Engineer: 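Structure provided below as structure tokens; questions to follow.
Just follow the structure's listing: the first ligand is 1, and inside any ligand the first atom is 1. Note that this is a predicted model, so its numbers are computed, not measured. Along the sequence shown, residues are numbered consecutively beginning with 1.
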Amino acid sequence: MMSANKEIKRITTHVLQAMKARGEKIAMLTAYDFSLARILDEAGIDIILVGDSASNVMAGHETTLPITLNQMIYHASAVVRAVKKALVVVDLPFGSYQGNSKLALESSIRIMKESGAHAVKLEGGAEVADSVKRILTAGIPVMGHLGLIPQSIYKFGTYAVRAKEEQEAEKLVADALLLEKLGCFGVVLEKIPADLAKRASEQLVIPTIGIGAGQHTDGQVLVLHDMLGLTKDFHPRFLRRYLDLFSTIQGAVQHYIEDVKNKDFPNDKEQY
Ligand code: KIV
């Protein structure tokens, strides 16, 4: 018997490859909790990234380095419970995969088993090749991340645009091709010149997802709290703010405070 429920076609890594092949752009946003992940999924987002940017926007840290594997699993589990369609990708946090492929595999297995997510993401190219290879042996889809890689902020010393010089640009393209060859299903390109992102996107069969990487990548990603205007004092050129939720929420809270102080809330109809 046919089910009365309309079947939801899930986004898989194969669907993403097909989207690139037919020139359909991929939309990705971050989420870290059930309520917002549900809104994103019902709005039709293709990929939800449980990013380690949770370290900044959820926990208030200055960098992404302090967030732990357990905290990432907590955020990812909440997101997965909300999602019916989108592919859920989870960042491997700093210290959970670099320089140790066995640890990388163990961390990825924990993420997949304990959160129910669909894929992991890690930062770097040739330096993390062993980890990528080993995670893939367990059948866990891996997404790469090149360009500005925030977990290496103390090495770079700045959040400025990366790979403006040809030598670094060539390494980036070589790393992207290596990640593809190893079996990654996609790669995030962060804060690099648009021409370089175009060059990499044209050479790769797997999709590139850009953030501050111009219009030629196969998809785009933004940090949800930035595009909704929940964060303040962060205005990079690439960020389009779709709302100013900081002011909207602050206004609502001020209104509530006024209502309580003026004994206007609750009224007769708002009590038992
Ligand atoms: O952690 C994150 O939000 C990310 C995006 C910036 C791509 O890695």
Engineer: If you count heavy atoms of other groups shown closer than 6.0 angstrom to CZ of F34, is the number above 12?
Structural biologist: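 Yes, enclosed.
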Engineer: Please find the pair of heavy atoms, one from C184 and one from V132, that lie closest to each other, and give the distance.
Structural biologist: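 Closest pair (atom of C184, atom of V132, distance): SG-CG1, 3.8 Å.
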Engineer: Applying ring pair (Phe, Tyr, Trp, His ring centres under 6.0 Å), name anything that partners H225, two or more places apart in sequence or on another chain.
Structural biologist: Y32
Engineer: Tabulated below should be the N or O atoms of ligand 1 paired with protein N or O atoms at under 3.5 Å; can you produce that?
Structural biologist:
{"from": "ligand 1", "atom 1": "1 (O)", "to": "D52", "atom 2": "N", "distance (Å)": "3.2"}
{"from": "ligand 1", "atom 1": "1 (O)", "to": "D52", "atom 2": "OD1", "distance (Å)": "3.0"}
{"from": "ligand 1", "atom 1": "1 (O)", "to": "S53", "atom 2": "N", "distance (Å)": "3.0"}
{"from": "ligand 1", "atom 1": "1 (O)", "to": "S53", "atom 2": "OG", "distance (Å)": "3.3"}
{"from": "ligand 1", "atom 1": "1 (O)", "to": "D91", "atom 2": "OD2", "distance (Å)": "3.1"}
{"from": "ligand 1", "atom 1": "3 (O)", "to": "S53", "atom 2": "OG", "distance (Å)": "2.5"}
{"from": "ligand 1", "atom 1": "8 (O)", "to": "K121", "atom 2": "NZ", "distance (Å)": "3.0"}

Engineer: Looking at K164, I'd like to know if its NZ atom is crowded, meaning that more than 12 non-hydrogen atoms belonging to other residues, nucleotides or ligands lie closer than 6.0 Å.
Structural biologist: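 Result for NZ/K164: open.
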Engineer: Other members of the hydrophobic cluster containing I153, with the 4.5 Å side-chain heavy-atom rule, please.
Structural biologist: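 Direct or chained contacts put I153 with L65, F94, L148, I149, Y154, F156, Y159.
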Engineer: Considering residues at least two apart in sequence or located in another chain, which fulfil the side-chain hydrogen bond (donor to acceptor under 3.5 Å, both in side chains) criterion with K85?
Structural biologist: none
